[in-house]
There are 2 protein chains.
Amino acid sequence: MTTIKDVAKRAGVAVSTASLAINQSDRVSKETAEKVLRAAAELQYQKNGWARDLKMKKTMMIGLVLHDLSGSFYAPIIKGIEQTLHSYGYGLIACSTIGENLGTAERFLRERRVDGVVVFSSDIKDEVLSEISREKFPVVVLDREFSHPNLYSVVVNNDQGGYQAAEHLIKLGHKAIGYISGPSNNRDSELRTIGFTKCLTEHGYPSIPFAWHIKGDYSQNGGYQAAKLLLQQKTLPTGVFVSNDQMAIGALEAFSEAGIQVPETIQIIGFDDIELSRYIRPSLTTIKQPKFEIGATAAHLIIQHIQGDEPNKHTVLPTEVIQRESTGPLY
Amino acid sequence: MTTIKDVAKRAGVAVSTASLAINQSDRVSKETAEKVLRAAAELQYQKNGWARDLKMKKTMMIGLVLHDLSGSFYAPIIKGIEQTLHSYGYGLIACSTIGENLGTAERFLRERRVDGVVVFSSDIKDEVLSEISREKFPVVVLDREFSHPNLYSVVVNNDQGGYQAAEHLIKLGHKAIGYISGPSNNRDSELRTIGFTKCLTEHGYPSIPFAWHIKGDYSQNGGYQAAKLLLQQKTLPTGVFVSNDQMAIGALEAFSEAGIQVPETIQIIGFDDIELSRYIRPSLTTIKQPKFEIGATAAHLIIQHIQGDEPNKHTVLPTEVIQRESTGPLY
DNA sequence: CTGTTAGCGCGTTCAA
DNA sequence: TTGAACGCGCTAACAG
C-alpha cells in the first residue's frame, strides 16, 4: 500500500509538499509538482479516503438507506435525490436493509461515514433514528412522520390520494364501489382509507359493504387473492379502489383469468403509479405519488441543513390522478 | 461531536479501556463496561467509522458502481451480489456514474473506501480500471472483458445467446427471418450477431437480406423506429430477433399500432429478459441473461480474492431461451 | 483487568 | 516555497 509518504520520499520532498502538489495547490513550484505527480504515478499511488475524511470532517457524500436497493418503486426517488445532490456537488451512496442486514445500514447511520442520510426503510426503527440524528448530521425519513431534532420527514398526502381515488370513481358515475385496502397495521394504508371513505361520505355514499372491502398485503399476489375473494361475492362493484399498484396488477390478473373485462365490466384505480402500471394491459389508472419530487425535496432538506438553514421539518407532497385504460366512461 | 475520549473521561477510564468496552471485548470487567456504556449513552456517543477503518485497514464493505442506480435492469444483479456478500458478512454500498458524476464513483474506486468493487458502467474507462485494480483491491467488471492483474470479469455468453435465438426461430419453422440489431460499435451486440448468423448458416439459411436487418440503439424508441422501418419493406419476415428486450418492446408497440398481430402474423424474440417482458401483452419470448448469477459470481470472486484465493479471471455465463407468447407454432 | 504508548495516512499549521 | 510537528478518532501491543 503506497502512501503519500512513499511518494514524498521518491520525489525527494516533504510529505506536506507532496500533499500540496497532489491537491493541485499553487503554493508549490511547477517542477516540484511535476516531480511529485510523476512519483505518484510510478508508485501507483491512490489516496486514502478514510484519512482524508478523518481530517476534513466531511465527505461530501450523502447516504441513502433503502429497504431494497433493487426495488423498482424507488427508482424515481433515487433519481430525484441524485440530481439534486449533484447540483450541489454532493455524491450519493446507497445501501439496503434487506435480509436482516442492518449491519451496513447502521454503520452508515451511526458511524458518520456520510454527511447526512435519507432513510426509506421501515427496518430502521424510530428509536434508532432518534439516536442518530444529531447536530450536523441531518436525517430525512420518507416513510413516516416522526419528530426529532435534526430529523426531517417528507411524505405524500395519502389522505388526499384516497380522496382523489374516490372522487375519480364517483365522477365516472360509479354507484357500486369496492375497496381492496392495504395491511391494517400500515399507516399509509390507514390514511388512504380515511381519505377514501371521507370522500364517499361527503358525496352521500353509504360506507363500503363488508363484502366489497377486502384487505390485502400490498403484494401482487395479495391483490390477486383479494380479487379472487371479491369475485366470490354475489354481486360485484363496478369500480374498485386498490390501495397500491402492486396489488392492482394482481387483481387485474385475477379478473382477466375470470374472464371479467376491465374497464367494461369492472373498473380499477390503483395507487403509487409504479412503472409497470403504464405497460400492463389494460394500463392502470392510478393515484400518482410524486416520487421524483419526494427525492428532490429530501435532498434539498439535507443540503439546507448542512448549510446552516432551518427548513421545515415536515413536508407533505400532493398526489395526482393519472387516468389510463382501467377506468373510463361507464358502459 | 463527542468522541471516545469524552466517553473515557466521563467514565473515568482510559481511552483504550473505553474502546474495548464499546467493542464488546471480554477483557474488561462487567462494571467498567457498564460504566463506559452508560457514559456513551449519556453523551450520545457514535463511533467514527473513518477512524476505525483507518486503523483496521478494511471496511467489510464492497462497492458497486452502476451507470444508473435506478435502472431496473440491474435489480436481479444487485440481489445476487447482495445475498452473496451478506453470507460472508460483507455489506454492499452502491453509487452511480450517471450525469457526468464520476466524482463519487471514482472516490469509491481510487480512495480505498471499500475492500473491493464491482463495476457495471461503461462510464468507467479501461484505463481507470487498470489504474485502480491493485493487490488487495479486487475489481470485477460486468460489462466487458478486460485483462489486468487483480481484475476479474463476468460476462454472459452473448454469442451463445444469439445462436439460441436463431435456433428457436428455426425450430418453430420460420423461413423468413429478420433482425433488429444493437448499435454497431457495441461489443455485446456484435457477439449476438455473430452467434445468430452462425446458427443460420449452419442450418443452411442464407444471410439476412439487407431489407430485414435494421440497426437500433438498444432503446425502446429505437426499437419502435426500427420496426417502423421494417414495416415499410415490401415483404415481412415471419420471425424477428431483436437484440434486446427494450427494443423488442418498442417494436411490439409499432406492430400493434400497425395492426399486425403478434405472434399470428409476425413473431418476436428478444434478449435480456427484463422484468417488463413478462408483463407486456403479448409477453415476450426472450434470451435470458442469468442476472442473479452474474451478481452472485461477481461477489464470490471478490470474496475469494480477498481471502487469498486466485479464482479464474474470466467467467462466461450461459444464456437460456424463455418461451412466452410472442413466439410459438406457426399459423 | 486496566492504563500507557504508538501509530494508521492524511491535511494543516507555523516556522524556516 | 518548503519541511517539521501536530492532530483527527480509534485500536493494538505492551506494560503494569
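Please read all numbers here as calculations on a predicted model, not as lab measurements. Numbered from 1 within each chain, the chains take letters A, B, ... in sequence-line order.
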Checking D:dT11, D:dG7, C:dG3 against the side chain of B:Val15 (C-beta onward), the nearest is D:dT11
Of the candidates D:dG3, D:dA12, C:dC10, the side chain of A:Thr17 sits closest to D:dG3
### Query
Would a line drawn from the ring center of B:Phe120 to the ring center of B:His67 be shorter than 6.0 Å?
no
For this session: Measure centre to centre between the rings of B:Phe137 and B:His305, then say whether the value is under 6.0 Å.
Result: no
Over how many whole Å does the gap from [X] atom [atom1] to [N] atom [atom2] extend?
X: B:Leu20; N: D:dA13; atom1: CG; atom2: P; result: 11 Å
X: A:Glu111; N: D:dC8; atom1: CD; atom2: P; result: 20 Å
X: B:Lys57; N: C:dC10; atom1: NZ; atom2: P; result: 11 Å
X: A:Arg52; N: C:dT12; atom1: CZ; atom2: C1'; result: 12 Å
X: A:Trp50; N: C:dC10; atom1: CH2; atom2: C1'; result: 13 Å
X: B:Gln24; N: D:dT11; atom1: CD; atom2: P; result: 12 Å
X: B:Arg27; N: D:dA15; atom1: CZ; atom2: P; result: 14 Å
X: A:Ile22; N: C:dG9; atom1: CD1; atom2: C1'; result: 12 Å

Go through the side-chain N and O atoms of A:Asp123 and A:Thr97 and say whether any donor and acceptor fall under 3.5 Å apart. yes
Are side-chain N/O atoms of B:Ser29 and B:Thr32 paired as donor and acceptor at under 3.5 Å?
-> yes
* To do: Show your reasoning for whether side chain to side chain contact (heavy atoms under 4.5 Å, CB included) applies to A:Arg107 and B:Thr59.
  => CA-CA 10 Å; A:Arg107 283 166 70 188; B:Thr59 62; 4.3 Å; yes
With respect to the phosphate group of [N], does any side-chain polar atom (N or O) of [X] fall under 4.0 Å of OP1 or OP2?
X: A:Thr32; N: D:dT2; value: yes
X: A:Asn48; N: C:dC8; value: no
X: A:Ser16; N: C:dT12; value: no

Categorize A:Asp53 for me: base, sugar-phosphate, or nothing, with a 4.0 angstrom heavy-atom threshold over every strand shown. nothing
Look at all strands and tell whether A:Ser29 reaches a base, only sugar-phosphate, or nothing, counting heavy atoms closer than 4.0 Å.
sugar-phosphate
* Show your working on side-chain hydrogen bond (donor to acceptor under 3.5 Å, both in side chains) between A:Glu82 and B:Ser96 and close with a plain yes or no. => CA-CA 9 Å; A:Glu82 227 168 13; B:Ser96 78; 2.3 Å; yes
task: Measure from NZ or CZ of B:Lys313 to the centre of the six-membered ring of B:Tyr152, then state whether that distance is under 6.0 Å and the direction lies within 45° of the axis.
output: yes
Do B:Lys55 and C:dG7 have a side chain to base donor-acceptor pair shorter than 3.5 Å?
yes
Between B:Ala14 and B:Leu54, the residue closer to the 5' end of DNA chain C by nearest nucleotide is B:Ala14
What residues 2-10 of chain B contributes to the DNA chain D interface at heavy-atom separation below 4.0 Å is B:Thr3, B:Ile4, B:Lys5
